[in-house]
Structure formats: C-alpha cells, structure tokens
**Student:** 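This is the structure I want to talk about, given as structure tokens.
First the proteins, then the strands, lettered A, B, ... as listed; each starts at 1.
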Amino acid sequence: MDYNFAEIEAKWQAYWNKNKTFKAENKSDKPKYYILDMFPYPSGAGLHVGHPLGYIASDIYSRYMRLKGYNVLHPMGYDSFGLPAEQYAIQTGQHPAITTETNIKRYREQLDKIGFSFDWDREVRTSDPSYYKWTQWIFKQLFNSWYNKKSDKAEKIETLITEFERVGNSEVDAVCEETPAFTAEDWEGYDEKRQQEILLNYRLAYLSDVMVNWCPGLGTVLANEEVINGVSERGGYPVERKLMRQWSMRITAYAERLLQGLDKIDWSDALKEMQRNWIGKSRGAEVDFYLKDLPPTPSQGGGVGQHSDTSETQEKSTTPSYHTSSPEKYKLLIDKALEMRQNPTEGEKLMWELLRRDASGYHFRRQHVIDRFIADFVCLSKQLIIEVDGDIHDLQKEEDEGRTHELIKWGYTVLRFRNEEVTYNPSDVLSKIRKALSSLPDVKDNNTQGTPSPLSSGEGSGERSIKVFTTRPDTIFGVTFMVLAPEHELVEKITTPDRIDEVMTYAEEAKNRSERERMTEVKRVSGAFTGAYVTHPFTGEDIPIWVSDYVLAGYGTGAIMAVPSGDQRDWNFANHFGIDIIPVIDGSDIEKEANETKEGILINSDFLNGLQVPDAIKLAIEKIEGKGIGIGKTNYRLRDAIFSRQRYWGEPFPVYYKDGVPYMLEDSELPVTLPEVDKYLPTETGEPPLARAENWTTKEGYQPDYNTMPGWAGSSWYYLRYMDANNEGEFVSKEAVDYWGQVDLYFGGAEHATGHLLYVRFWTMFFKDMGYVNFDEPAKKLINQGMIQGVSSFTYRINGTKKYVSASLKNEFETTPVRVDISFVEGDELDIKKFKNWGPDYKDAEFELDNGKMFVTHEVEKMSKSKYNVVNPDEIIEQYGTDTLRMYEMFLGPLEQAKPWDTKGIEGVYRFLRKFWKLYTSKEAFDVSNDEPTKAELKVLHKTIKKIKDDIERMSFNTGVSAFMICVNELADLNCNKRAILEPLCVLISPFAPHIAEELWQQLGYTESISYAEFPEFKEEYLVEDSFSYPISFNGKTRFNMEIPLNIDKAEVEKLVIEAEQVKKYLEGKAPKKVIVVPNRIVNIVV
RNA sequence: GCGGGCGUGGCGAAAUUGGUAGACGCGCUAGACUUAGGAUCUAGUGCCGUGAGGCGUGGGGGUUCGAGUCCCUCCGCCCGCACCA
C-alpha cells in the first residue's frame, strides 16, 4: 500500500477543520498552556519556506502538550495594518482593506496546507474595527494615566488632579516633562486649557513638540528602530530630523522596570542584552559648570525684593522650575528635605514655631526644594527665603554665597539668620521678617502670567551654568575643556561676538548634515571654540567651551565635560585642537591613547588622589552634591516612543481638539473607523492622508487627529485578545486573562528585540498597574527561531554586451554578476532555455559555455522576492507532502540558528516517512500484528520515547527527527509490525507528522483524533542491560571495546580488564601506572 | 569601537553533566534487482597510509588519567548597537 500523502493530508485537514479539533476552551480540568507565535503581516508575496519554521516548532510543542494532557491555547491572527498595503494603494488606488483581505485569504490557505493546530475561532486582525476599537480604548487608558514614582507605577490621572488641587505639583514625583512649579491655588486659578496643557506633561500618552525621524520618501515619521543607518528600514529612504507635534508614549517611565524584568524571564541572553543596551542605563553624576565672567545681574543691585526687567525669553530661562523630570534627583532632594524636617536644629525648630504661629497671613513651607537647593523656609507668594545657619555654615561660607546669589537671580529674597539670633532674640528676628514681607510685592499674579506656557519652560539652571552628565565624576580633575552639542540652546548665547560667525556656521552645518552623513564621518574630528569659559568647580581654572558634533543633543544634557586622558573621543578632539591632556589615573600612557578603563589609582586629583576608581566616583559625587553643584544620577538611553504616523492604513486616534488641546472620545463613541479618502497621499499642504477625507470628524464641530497609530500599537496587546477574541464588551475579560495568564512559550524572530518585544512588555506592565492583568511580563519563555535564508544564484554578463559566460570562465572577461531566478538553476547549472524566457531583456542573450555547461555561483542571503531566491512551501507540499516539509524544516538544523534552505536533503526525510508507513503496511493493505513484542523491539521503542520527550522539551527538533529515523531503521531491521510497538510510535510522531499519524491511528482502529491521545510512558526497565561494552583506552586513546557485566564493582572491573589478553598486548609487559574505571562509561589505563 | 554568538568530514549537522568525536541525513563509491533508472535494496565513506599504525573538532599554550566541551591567548565568521559621555 502506497503512502498517498496528498490524499491523507487533505482528508485530515478537512477533518480538523470540520470537527474544530483544536478549539480551546477558557476553562478546563487540565492545566493550561499558552503557546504563541508572533503573528505575521500578510504581505502580497505570500509565505515562503522560511516563514513556517517557527510555526512548525510551536505546533509540534502544542501538539506535544495536548498529548501530555494540557489545555493548550495556540492561536493565530494577522498584524494587518502596515505600510506595504498602503504603498500598493498609492500605486494602484486599491483600498488597503481589499489588498489585506486578499492577502489574508492566501496566507490562510497556505497555513492550512501545512496542517497547523491553531484555534481559528480566536483569529484576530489588527485592522478590524472590532479589534482596533480596543487599541483605541487602550490608548485612552494611557492618556488618562500618569506615572507616580512614589508608588512606582502608573495611576489614573484623577489621582494627579486631586494632588494638584491639594498642594499643586511641588510634592508630585512623576515621570514627566519639565513643568514649572505651581501651588494648589495656582491650579485652581488656571483655566481649562492651561490645566489640560499641564496634565499633558504628565500623561503616559502625551502630545508634544519633538524632534522626530522624518522620512520624506515615505511621508511619515519613523521610530528609532525603524531607522537603520540613517535610512528607513522599509524602502531605504533618507531620514532627517524635524520638529513636529506628535503623540508619544512615556515608555521611559518603565525604563527601570523593563530592565529589572529581564532577570525574571527565560529569554535568550543575546536578546536580553539587546534590550539592556537599548534601555542603556548608566550611573554617574549631573554636574553644573558655572560660566566665567558673567555680566552683573540687575537684580543684585537693589538688595531686597527687586524684580528685574528682563525680557520674556530671559524671564523664561531664569524661572526656577521643579525638576520633576529628573525624578532621581528630585526624589533624593525630597528625601533629604524630609529627613531635615524630622531632625531640625534648635534654631530651625524655633523659627518654624515663629513662622507657623505668626499672624502675618503668609504661608511658609519648611525644607522646601527649589531647583537643586533645599531652602529652610520659604514663602512662595512673596518669594522670600529664610535660612537659619548653624556654626557649620562658617566653613561653607563660599558655597552659601553662591547659592544665595543664584536664588536672588531667580527673583527670591534671602534672609539669613544665625542660630543664636533665633534662640536669644526671636522678636527681633520676627520683625525683620515682617518688614521684608511687607516690602515685597505679591508675586502670585506675576507667576501665572509671567510664564507663558508650561510647555515652554526652560532649563532651571538658566544661563549661569552648563549642565553635563558624566559616568566618570572621578575624572573631574582631568577636565580640560567642555563640549556642547551643535543643537545646544546655549551655544548662541555664550559665544563671544568675535567668534559668533564661525561657531554658528559650524553649528548650522552640523545640524543640517543628515544622520547618515554624521554616521559615515564618525572618525572625522571637527568643532569650534565659542570663546567662552566655565570655571572648574574645584580648581577654579578656566575651562574653554567648544561646540562639536560628536556630542549628541539627545543624550544626557547635550553637553559634556571632556576628559581627554580618560575618553578616546575627547582625546582625539584634544589632540586635533591642541588642548591639554591631564592624566588622572596612575600609570596611564596618554601619549598614544586615552585610558578608558575603570581601574587604577587617582592622581592629579586633589582630594581624590590615592583612591581606587570606584571609591573616587563615590567621593566625587558626595563632594559635588555637598557643593550644591550637582547630583548623582542615573541616565537611560531609552527615549519615549513616538506614536503618531502620517499614514492612512493604521488606527485613527480616538481624539478631538478643542482650542488646540486634545480630548478623548467617550467609550461609546469607539471605534473611530477609518474614513474613505480619494488618494492615500499627504495633502497639498503636507497633512496626513486622513485630512483628505471629506467632512471627516471624530466629534461634531471639532478637529480630529489626522495621524494614525504605528504598527506596534495593535501588536502590543494581541496576545491578550486571543484569550477572549470575541468579547464585545471588554478588551479582554478578567476571567479569561486570569485563566490563561502569561504566554508560556512565545516563538518569534529576534528582529523584534527592540521593537515589538519591548513595547509589549511596556504595555503589559501598564496593564498590571491598572489592575487589568496580574503579571507584568507578557511571556515567560521566548524562543527566537533562526531565519531560513535563501541561496541566490548569479550568472555573469560580459560588460557592454548581451553575452553571458559560465561562472567558471568569469575571470577571463570583464563581467557583471546578474541575479537569476533559482527555478532556472539545477545544482550549479543554468537552464538556458528558461533563462531566455524570463523576459524581453534576456530573449537575445548569448552564452559562452564551459564544456557545454553554463555554471552559476551561489550566495546565501535573506530570502526575498527581489533576490529571486524564494522557495514556496506550496511547491514542496505538492511534491512531498506537508508532513515531509514539517519534518525537513525541523531536520535542517538547530531551531535558533540561521541556515540556508537546501532542497536537496528533503529526499532523505521523504524516504524516511515512506519507510515509516511501510512498518504499518504490506504491499496491498494495512498490516499490523497483535503478537507480543520482543525485548529488542521494546528497547527500541522506549529509547525513542525517552529521546523524543527530551528533544521536544529542549526544542531540539533536529535531533528528534534523527531519533525517529534511527528508530524506524532499527524496527525495519527487526521486521517489526507489532501493534504494541507501532501504536505508541504513532502517537510519538504525531506532533511532527500529524497527518500520517492520524491516518495510521484510524487504521489501527481508533475513531477519535490522535491529537488527544496519551503520550506514551517511558519505562526504564526496557533499557536495562546486564552488561556494558566498555571502551578500553590507554592514556586517553580508545583501543577496543570489552563486554563487562554491570553488576560488579569497580575493583572487579579493573581486575577483569587488566587480565584481558588484548590489554596485555598494549601493556607490553609493563604494569599499568593507574587504572580509571568510570562505571557505565569508560576504562582508562595510564601506562 | 562595544556587546552577544559561533568556528567539528565534500555538505546540513550530532556529541544534554569533562568520558568511544563525526550519530542521523545529503552527496559520493561499489554492487544487487532491472528494458531503463533521478525507483528500491546491500556494503563502504574524517584525513594520511597497501598495512600495522599515525593524525584529527580555527591556530598556539594550559588544567586533567582523559578536553570539541574548562582556562589563557591569537585568528576568522555571523548578529546586534554604534560618537550614549
């Protein structure tokens, strides 16, 4: 009886479909297991043999887990919003929904042919309104949330509003944009618009003006990970920097949790490392370097209470703000302030009593944080600061003066009393305070009007200092210059008039140079001197300030303290421009290069001298903090994720604008469906395609958002939707998500390491904070299947002619390689006829053959239509059947490894399956005997059971297939056709080759699908032997084998071996030095 | 440059804990059956050598009775990040 795979496979695929064999229920007596594949984007090209690799592996595992008695959830769907359908729409005018529908249909047909055990009743499509309704709903939840650093989780925006109404934002510790300080009274006084603008600074989904990767070629903004080497990932168009008002996701709020969470999940080290790098945590310090030779500030002259007549821009930059966007720093200060509040000095205690009891009607705060200082007592409405100094302040006189100076600059009045004054002369102190209060103007109104918008608040450090971030504060004595990024806002302000032309020209050039150019010019050293200096905080030396493009505006503060002896880039710069290099680590040879190691003892570094680097870092931070010029800080490379795309084929935002401020629609108004447009291109005025829709709006009378969401929106939560795919009332029900929980096993490509796999973790953590799920990682275990590559073929054309030469002769001519479709190639030989028929360009081709043959060369590349190296699974299935395809893909090599597709080897697997079939059949019919199996047959079976179980569990499917081959070879040798062997074997192979297994199972007399049979139990007893063939080795070299009983001890084995004839031959009469016996393994004789 | 991974026959690869290197498959060689074979079956197949034997897991060194596996060092390839202070 022949193995008719075509008939068998069609039969069982129809059966599974009709009987919904793989339908999963949301409750069961069995334990649950959730196996997920990354869902595909349904492209027009269909599946190639590389796509199903991961699906086959996950399907084997799913089927295995069903046999092991689990309730398995194994769904599939489509990530069906995306660029290609839209690009196609631009070219042809066909609606992306139609293209997508067609492609999905084709995908489904191809998937069905491979025989996957998906529960198709749970299919999701991100582009379906019933799905993206909930993507929009999730966006709303993010909009209506903020990140509270105190509770270290996201909270509803209402809790923030309550806090604002209670005390303003001074005590709020949030991850947010820089926002000027306001009190509860201020908040109450703000109008709706102002309040909404402030809230926008805190929301997890927020609108702001950001520098984006603008891709004119695609007409849209791209995320960082969609930009590869300065060009777009899709299409390879150039990308430029542009300031645009965009939605962003505050993923940075989760930076630390995303980092820490990696330790809890079983993902590959390579992938975790990629995420760690992407998050890019670095510890160090943020330090202020004060500018030298500042012109005197007007406010200093008059002493008390004068406000400078500075212009609006200056006002902006001199307004002190609470650095709530530097949460660590702020938190540290707040903690310190709290501690000080709890441990007041005598004087402070008395002063607080005075101020609290005083009937002047002014509200004072104690130990209040202002910018980077903690003021003892502050009256905000009068901007009056009262400081009480103990004796220690005599030692810090200089520092106190610097601090007072700065506070005055910001418009504060500082009154300073000594401890004794307060203790012995309280009434005198009080009257001084009253006098000051009455002479000061009320600044409340000034405050609300003076700062135009909370969005435009400047850096708190104003013009007086330049803030830098460094991971090596210990090297501060090696600082010989400072560098600003060309985009740094202070460049223009600080540059001296004689240099302004040069510097601004340089900065403009650097800014306009594309990302790509900047990248390819990595090695080029360039820069310009501003003519300005900062003063070194410890040595007091003048430090020149330069501008250079090797400092990035987007990281840290956009400015660095340059330590040429400790940083190679600084060293290059210093050498190029002839700047001093001071070694600060003992033993550094700074002649040739910088010493970037974090080892050694500090020299030339005042109080740090003699310390090891780690200790020096600690002490340096302490000193910097003590001086009030900086603070220990952790920086992350991770940026907030831009969430707007200027495209048509994506989720519309559930948003409308009132007075320029975004508002969310009601849940009942969702989904906002995509409107029809005449063309899928931007409008003439450069607005996104949605702006073309006639009279389209999300809310009557208001402007909608014309952007759509990025591709990762829908894919960041689809794993939850599968749990409850048809729920119309919720994105997922609590019961469903509590039942299925985390994905137990997730299969997908490593190319999503810093995209999808980061975002899905981010959203999951957010859902956890909101209480929607009770886990904070989406997937416990992740397997990255390797890519199956294509083997491209090339022929060679003689330049300037239509003549092609055999690859063996290509060096004899001036030739250009030409890709040829691999279907024209058999082995190394080109089929000339097929090649000529390829198209008009090749019709008249001439050939220079080598011995009558036209050879080609091969190259392993990504499998892609454009490289003419695609192998379609349909063709393979047509020829060999899908059970062969499935097993062959697994047999190709380790799952996680990239490997080229090579169709040659498939014959071996096909032969194996036919051999397998033959075990169960005779020439004419199905033929299985009910005789008792022999010991040898049972041994083969149980050896295989053990091996297959182990191999599946450690995802070693290639060795699993080989174990089946060995098993079948051995059973064939034994002429075994016993039911007792073949029945369990059939179950064993069913995850790999389900169709043939189902057919044989039925022939064996079963009426139920094999999918829910029981995985055979391994019994050790069948493998037990009473002797073992020991390899006998001399000095580690194996010479021969010796059958030795297993029930004797080591000494007896040794005796048996030494006395053996063959051993004597090798000993040549000498006595062995030592004999090592490893039971059940080896005997080694040392001669 | 930094981080991760890898390097084993003609090819894809095995060797799970330091214990017989090359399982299994492709390819190749010879043979059988045969009108024929690109079907099937049998035998062989790491390299050198007629043989005994020797050599062999990128190179060099080390630890060990014993190393593909552990350590040091160098070389090569792949992937990711890339002026991240």
**Student:** Choose from B/A39, B/A85, B/C83 the nucleotide whose nearest atom is closest to any side-chain atom of A/Y550.
**Tutor:** B/C83
**Student:** Need the glycosidic conformation of B/G4: syn if within 90° of 0, anti if not. Which one?
**Tutor:** anti
**Student:** Please name the nucleotide paired to B/A43 by Watson-Crick or G-U wobble geometry with both distances under 3.5 Å, or report none.
**Tutor:** B/U29
**Student:** Could you tell me whether the side chain of A/S1033 reaches within less than 4.5 Å of the side chain of A/I1082, counting heavy atoms only?
**Tutor:** yes
**Student:** Compare the minimum distances between each of B/A13, B/G19, B/C83 and the side chain of A/V1078, then state the nucleotide with the smallest one.
**Tutor:** B/G19
**Student:** Tell me what A/E907 touches on the nucleic acid: a base, only sugar-phosphate, or nothing, going by heavy atoms under 4.0 Å.
**Tutor:** nothing
**Student:** Does A/N277 place a side-chain N or O at less than 4.0 Å from the phosphate oxygens OP1/OP2 of B/G80?
**Tutor:** no
**Student:** What's the gap between B/C28 and B/C6 when it is taken at their P atoms, as a whole Å value?
**Tutor:** 33 Å
**Student:** Taking the side chain of A/R911 as its heavy atoms from C-beta onward, which of B/U20, B/A14, B/A39 lies nearest to it?
**Tutor:** B/A39
**Student:** Taking atom C1' in both B/C77 and B/C26, what distance in whole Å separates the two?
**Tutor:** 24 Å
**Student:** For A/Q275 and B/G80, what is the distance between atoms CD and C1' respectively, to the nearest whole Å?
**Tutor:** 12 Å
**Student:** Kindly say whether A/M1 contributes a backbone atom to a donor-acceptor pair with the side chain of A/W917 at under 3.5 angstrom?
**Tutor:** yes
**Student:** Counting Watson-Crick and G-U wobble pairs only, both distances under 3.5 Å, name the nucleotide matched with B/U69, or none.
**Tutor:** none
**Student:** Please confirm whether the backbone N or O of A/Q568 pairs with a side-chain atom of A/E596, one donor and one acceptor, at under 3.5 Å?
**Tutor:** yes
**Student:** With a 3.5 angstrom cut-off on both distances, give the Watson-Crick or G-U wobble partner of B/G7, or none if there isn't one.
**Tutor:** B/C75
**Student:** Between B/U69 and B/C24, how many Å separate the two P atoms, rounded to a whole number?
**Tutor:** 24 Å
**Student:** Quick check: does any side chain N or O of A/R886 sit under 3.5 Å from a backbone N or O of A/F992, one acting as donor and the other as acceptor?
**Tutor:** yes
**Student:** Taking the C1' atom in each of B/A67 and B/A43, what is the distance between them to the nearest angstrom?
**Tutor:** 34 Å
**Student:** A/N1035 has an atom CG; how far is it from atom P of B/C55, in whole Å?
**Tutor:** 12 Å
**Student:** Of the nucleotides B/C24, B/U20, B/G54, which has the atom closest to the A/F891 side chain?
**Tutor:** B/C24
**Student:** When only distance counts, do a donor and an acceptor, one from the side chain of A/K915 and one from the base of B/U40, lie under 3.5 Å apart?
**Tutor:** no
**Student:** Measure from the side chain of A/I966, starting at C-beta and using heavy atoms only, and say which of B/A23, B/C83, B/A85 lies closest.
**Tutor:** B/A23
**Student:** Just N and O in the side chain of A/R914: are any of them under 4.0 Å from OP1 or OP2 of B/C41?
**Tutor:** no
**Student:** Report yes if a side-chain nitrogen or oxygen of A/R276 is closer than 4.0 Å to either non-bridging phosphate oxygen (OP1 or OP2) of B/G4; otherwise report no.
**Tutor:** no
**Student:** Between B/C11 and B/U50, how far apart are the two P atoms, rounded to whole Å?
**Tutor:** 24 Å
**Student:** Give the rounded distance in Å between these two atoms: CZ of A/R1081 and P of B/U17.
**Tutor:** 11 Å
**Student:** Taking only the side-chain heavy atoms of A/T1038 (C-beta and beyond), determine which of B/C65, B/U20, B/A13 contains the nearest atom.
**Tutor:** B/U20
**Student:** Just by modelled atom types, is the A/G748 backbone N or O under 3.5 Å from a matching donor or acceptor in the A/Q785 side chain?
**Tutor:** yes
**Student:** Quick one: which of B/C24, B/A85, B/U20 gets closest to the side chain of A/S282?
**Tutor:** B/A85
**Student:** Indicate, with yes or no, if the rings of A/Y880 and A/Y888 have centres closer together than 6.0 Å.
**Tutor:** no
**Student:** Any base atoms under 4.0 Å from A/P900, or only sugar-phosphate, or nothing? Heavy atoms, all strands.
**Tutor:** nothing
**Student:** Of the nucleotides B/A13, B/G25, B/A85, which has the atom closest to the A/M965 side chain?
**Tutor:** B/G25
**Student:** Of all the choices, B/G80, B/G25, B/C26, which nucleotide is nearest to the side chain of A/K904 once you look at every atom?
**Tutor:** B/C26
**Student:** Rounding to an integer number of Å, can you tell me how far A/L638 CG sits from B/C81 C1'?
**Tutor:** 14 Å
**Student:** When the P atoms of B/C70 and B/U16 are considered, how many whole Å apart are they?
**Tutor:** 11 Å
**Student:** With C1' as the reference atom in both, quote the distance from B/A13 to B/G7 in angstrom, rounded to an integer.
**Tutor:** 14 Å
**Student:** Give a yes/no answer on whether the side chain of A/S1033 brings an N or O atom under 4.0 Å of OP1 or OP2 in B/G19.
**Tutor:** no
**Student:** Reckon A/I1076 touches a base, only the sugar-phosphate, or nothing at all at heavy-atom distances under 4.0 Å?
**Tutor:** base
**Student:** Rounded to the nearest angstrom, tell me the gap between atom CD1 in A/I1032 and atom C1' in B/C65.
**Tutor:** 14 Å
**Student:** Using heavy-atom distances to pick each residue's nearest nucleotide on RNA chain B, tell me which of A/N1041 and A/K947 is more 5'.
**Tutor:** A/K947
**Student:** Within this structure, what is the CG-to-P distance between A/D2 and B/A39, rounded to whole angstrom?
**Tutor:** 16 Å
**Student:** Considering all heavy atoms of both residues, which atom of A/K592 and which atom of A/W571 are nearest to each other, and what is their separation?
**Tutor:** O-CH2, 3.0 Å
**Student:** Roughly how far apart, to the nearest Å, are B/G58 and B/G9 at atom P?
**Tutor:** 8 Å
**Student:** Can you say whether a donor on the side chain of A/N1084 sits under 3.5 Å from an acceptor on the base of B/C65, or the other way round?
**Tutor:** yes
**Student:** Quick one: label A/N969 by what it contacts on the DNA or RNA (base, sugar-phosphate, nothing), any heavy atom closer than 4.0 Å.
**Tutor:** sugar-phosphate
**Student:** Can you measure A/M274 atom CE to B/C81 atom P for me and round it to whole angstrom units?
**Tutor:** 8 Å
**Student:** I'd like to know if the side chain of A/D640 and the backbone of A/I251 have a donor-acceptor N/O pair within less than 3.5 Å.
**Tutor:** yes
**Student:** Nearest to the side chain of A/P1031 - B/A15, B/U16, B/U20?
**Tutor:** B/U20
**Student:** Examine A/F916 together with A/F964 and report whether their ring centres are nearer than 6.0 Å.
**Tutor:** no
**Student:** Taking NZ from A/K272 and P from B/C79, how many angstroms apart are they, rounded to a whole number?
**Tutor:** 24 Å
**Student:** Need to verify one output field. Residue with the more 5' nearest nucleotide on RNA chain B, A/E273 or A/T470?
**Tutor:** A/E273
**Student:** Name the pairing partner of B/A82, where a pair is Watson-Crick or G-U wobble with both distances under 3.5 Å, or state none.
**Tutor:** none
